[in-house]
Amino acid sequence: MSESKDFLRTIVEEDLKSGKYNEVHTRFPPEPNGFPHIGHAKSICINFGIAEDYHGHCNLRMDDTDPTKEDTKYVEALKDAVEWLGFDWGNHVYYTSDYFPRLYDYAVELIKMGKAYVDSLNEEEIREYRGTVTEPGRRSKYADRTIEENLDLFERMKKGEFKDGEHVLRAKIDMSAANMKMRDPLLYRIRNVHHYRAGDTWHVYPMYDFAHCLSDYMEGITHSICTLEFENNRDIYDWVLNTLGLNSTRPYQHEFARLGINYTVMSKRKLLELVEGGQVDGWDDPRMPTIAGYKRRGYTPESILNFCDTIGIAKANSMVDVAQLEFCIRDDLNTKVPRVLCVLDPLKVRIENYEGSEEIDAPYYPHDVPKEGSRKLPFSKEIYIERDDFMENPPKDYYRLTPEQPVRLRHAYIITCKEVIKDANGNIVEIKAEYHPDSKSGSDSSGIKVKSAIQWVDAKTAKSIEVRLYDRLFSSEAPEGLEDLNPNSLQVINNALIEPAVITEKPDERFQFERQGYFYADPIDYSDEHPVFNKIVGLKDSWSKKAKVIKSEPKPQTKKVQVDGEIAPMSEAEEARFNKYTIELKLNSEVANTLARDEKLFHFYEEALLTLNSPISIANIVANEVARELKEKQIDELKFTATQIAQLVKMVDDETISNKIAKQVFEEMIESGENPTQIVEAKGLIQISDPAIISPIIDEVIAKNPDNVAKFKAGNSKLLGFFVGQVLKSTGGKANPQVVNELVAKKLK
RNA sequence: UGGGGUAUGGCCAAGCGGUAAGGCAACGGUUUUUGGUACCGUUAUUCGGGGGUUCGAAUCCCUCUACCCCAUCCA
């Protein structure tokens with residue numbers, strides 16, 4: 001868990017602390033209609049993670065209420081994903097389909113309560129009757145059916161007496177609800193099809209909104225965590241549970257923003273399209289953002305977990321940079337995997353002054369990775385280096401081999417280029433070089449300075465391998481469809497050369513090919529005869545970045561244009577009040593505006609004025625503090641009165657208390673409805689303005705914070721607030737802040 | 001246009017009236033036989049805009065703006 005809590009954990013902690021629940025119980029409720037992707041990983045981490053953190057439970061539940069889309073292969077993929085990520089769902093996987101009988105009973109109960117009815121409008125009519133976001137809907141004539149009729153119909157729906165779409169069961173809520181979801185939502189529809197688990201027993205299937213809340217309830221879920229698009233569904237969630245009277249210990253829904261990653265599509269529909277259209281090689285194609293894809297690509301569960309942890313949980317729609325994910329996998333693999341030498345695009349180098357062969361002992365791990373292990377690196381006259389590690393006419397910053405610049409062969413000798421052999425077309429086909437016998441790695445006495453060490457393989461002993469180089473699937477940052485596909489997302493190299501130990505000793509399944517990236521022995525296509533490696537992710541590469549930077553153009557600066565809308569005009573009465581407030585009572589226009597436009601506020605204000613003639617002070621507190629309370633409440637719901645507010649203001653006016661204390665007192669009044677004078681008296685909140693009392697406190701604060709004093713004196717004037725705050729804190733807020741301010745400023749000058 | 005949400009550096013994200021956390025990215029430097037890693041440093045006088053309240057506002061009030069979700073017999 002990171003040091004700052006996310007809002008969900010904050011809620012859970014509060015609920016536990018308040019005793020609302022004794023134990024947290026979450027659930028991860030995917031629909032088995034596709035392979036889980038990294039967005040599901042986020043949800044898995046949240047639900048299982050919270051359960052783990054607070055010693056509760058998390059159920060894995062297949063939300064399988066739509067028989068036309070779901071399949072066993074997807075439930076297997078879901079289970080694999082959760083398991084691979086390292087979470088434990090206990091010994092039971094839950095299925096909404098297991099609740100079909102109980103769900104049916106609940107539906108019958110709703111019908112008996114007169115809260116649900118069988119509607120026989122067709123699909124199009126239902127849509128029409130629903131109205132639009134701005135116009136209310138109207139209720140179907142079938143809503144008047146008697147309970148008996150509804151019961152009979154629903155039972156016959158269940159028995160399969162009707163065709164698909166002939167009838168539906170709907171909740172009787174409100175066809176003119178502002179929340180469209182509440183306009184008599186569908187509870188059950190007829191589906192005369194086979195369900196992958198329930199078989200052919202059912203002809204009616206519950207809808208999400210009906211099944212989900214009840215499933216949560218039946219499993220004893222406390223926190224039903226879902227994504228933002230279900231915010232509107234929360235009202236139904238609560239309606240169903242409340243209407244059925246299921247409110248002893250019951251779950252509540254909380255929503256978070258789903259994960260978005262740039263250069264990636266995350267909708268199951270689009271992912272399915274890619275699979276079915278053959279743009280990728282299945283759900284586990286290493287370019288897919290599916291868990292199966294990442295797994296096949298070579299990502300580790302730890303890296304995904306860590307990614308989910310670093311991106312945070314919030315309610316703002318956001319788009320995470322893929323670089324963040326790539327960082328996580330590099331960071332994980334860096335300390336774990338052996339380094340080996342592999343040449344992807346071989347260029348032959350003939351070392352003219354070397355005869356025979358030898359085996360060089362080379363550690364698998366660099367000095368900064370505390371792991372043991374080494375292998376023998378065969379070396380002889382003929383080797384291969386990476387083609388782009390040699391340049392005939394290099395730019396100034398080029399550190400590798402050139403006709404003038406020697407280079408070290410990693411773990412081996414320094415070589416110098418003697419001759420460049422080209423074919424008829426001018427392509428370099430071979431380098432003739434010389435090695436420096438006294439430059440061997442570990443016992444170098446040559447004194448030659450090189451700028452870099454490059455990877456190489458011995459020609460005779462190197463193994464040929466297939467390497468699959470993956471790049472992002474989409475070239476657009478926010479891909480829409482197939483037109484945004486990156487045509488070069490897969491590059492297959494059939495004859496890369498790798499040092500033999502990787503194949504013969506198999507020290508690991510993941511490797512860093514030095515200076516290139518991290519690679520993974522493909523779990524499916526790899527064989528000893530034909531080794532295949534997937535590129536997981538490249539190393540950070542400040543060279544290719546530098547080389548590219550020349551052609552990158554300065555990005556066009558788009559300044560946000562702020563459009564100011566028109567302010568709604570005032571009614572005549574409002575304007576009259578506004579004028580009275582500004583002219584007669586001398587309120588500033590903003591406060592006058594707030595008061596004049598709000599029915600509740602001006603009533604409250606004018607009533608307070610009756611007790612105390614201090615129009616400006618009262619206006620300020622009413623427009624700023626009371627307004628907050630009156631946002632969601634009526635005046636008669638408040639525990640405090642206008643008269644009490646006037647009393648409070650009076651104490652501020654005559655400087656008995658400071659504004660700061662007034663706010664504190666006001667908070668008390670909201671809770672208890674006690675008189676402000678009593679609160680002040682009981683708590684001894686009378687303001688301290690005597691410099692003789694305040695001064696020593698300031699001295700103490702100054703003595704305790706020498707660093708900040710220095711910073712302040714160096715010109716950081718913001719720190720004044722810090723000192724004032726400290727003094728106020730140690731006086732329980734009672735010190736007169738104005739006096740403190742002046743004194744602090746004087747003392748620190 | 002009705003309702004429900006959300007706005008803090010290039011990307012995430014803490015913060016809940018008293019010094020604008022942290023990570024990624026970027027840039028500079030040190031170490032380095034990986035142009036990797038590690039380490040050090042730089043990068044928001046300002047929190048979508050404008051007002052107001054307050055000694056003091058990212059935090060409270062008013063207002064405007066932008067974006068997301070809702071009119072599947074999907075979940």
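No hydrogens, no waters, no symmetry mates; every other heavy atom, side chains included, goes into these values. Here is how names work: the chains are called A, B, and so on, in the same order as the sequence lines, proteins then strands, and each is numbered from 1. Every value quoted in this text rests on a predicted model; they were computed, and no experiment measured them.
Listed by chain and number, the residues in a ring-ring contact (aromatic ring centres under 6.0 Å, His included) with A/F666 are A/F640 (sequence neighbours excluded). Taking A/F513 as the reference, A/F519, A/F533 meet the ring-ring contact (aromatic ring centres under 6.0 Å, His included) condition, with sequence neighbours excluded.
With centres under 5.5 Å and a plane angle under 30°, the ring of A/W543 is stacked against the base of B/rG35.
No hydrogens or angles were tested; on distance alone, a donor-acceptor pair under 3.5 Å links the side chain of A/Q324 to the base of B/rG23. A donor-acceptor contact under 3.5 Å links the side chain of A/N624 to the base of B/rG52. Between the base of B/rG56 and the side chain of A/K718 there is no donor-acceptor pair shorter than 3.5 Å. Counting distance only, with no hydrogens placed and no angle test, the side-chain atoms of A/Q512 and the base atoms of B/rU34 include a donor-acceptor pair under 3.5 Å. For A/N334 and B/rU37, a side-chain-to-base donor-acceptor distance below 3.5 Å is absent, hydrogens and geometry of angles not being considered. Between the side chain of A/K660 and the base of B/rG17, no donor-acceptor pair of N or O atoms lies under 3.5 Å. Donor-acceptor pairing under 3.5 Å, judged by distance alone, is present between the side chain of A/R408 and the base of B/rU33. In the interface, the side chain of A/N741 is paired with the base of B/rC55 through a donor and an acceptor atom under 3.5 Å apart.
A/V133 comes within contact range of at least one nucleobase, with a heavy-atom separation under 4.0 Å. Heavy atoms of A/K663 sit under 4.0 angstrom from at least one base atom. Using a 4.0 Å heavy-atom distance criterion, A/K711 is classed as a base contact. Residue contacts for A/T68: at a heavy-atom cut-off of 4.0 Å it reaches no nucleic acid atom on any strand shown. Among the heavy atoms of the strands, none lies under 4.0 Å from A/R597. Residue A/H212 is classed as having no contact, given no heavy-atom separation below 4.0 Å to the nucleic acid. Contacts of A/K631 with the nucleic acid, taken as non-hydrogen atoms under 4.0 Å apart, involve only primed sugar atoms and P, OP1 or OP2. As judged by a 4.0 angstrom heavy-atom cut-off over every strand, A/L121 is placed among the base-contacting residues. Residue A/T132 is in base contact, counting any heavy-atom pair closer than 4.0 Å across all strands shown.
As a whole-Å value, the separation of A/F722 CZ from B/rG18 P is 12 Å. If you measure from atom CG of A/N659 to atom P of B/rU54, you get 6 Å, rounded to the nearest angstrom.
Not one side-chain nitrogen or oxygen of A/T335 sits closer than 4.0 Å to the OP1 or OP2 atom of B/rU37. The phosphate of B/rU72 (OP1 or OP2) has no side-chain N or O of A/R189 nearer than 4.0 angstrom.
Here A/R410 does not pair with A/E499 in a salt bridge; the nearest charged N to carboxylate O distance is not below 4.0 Å.
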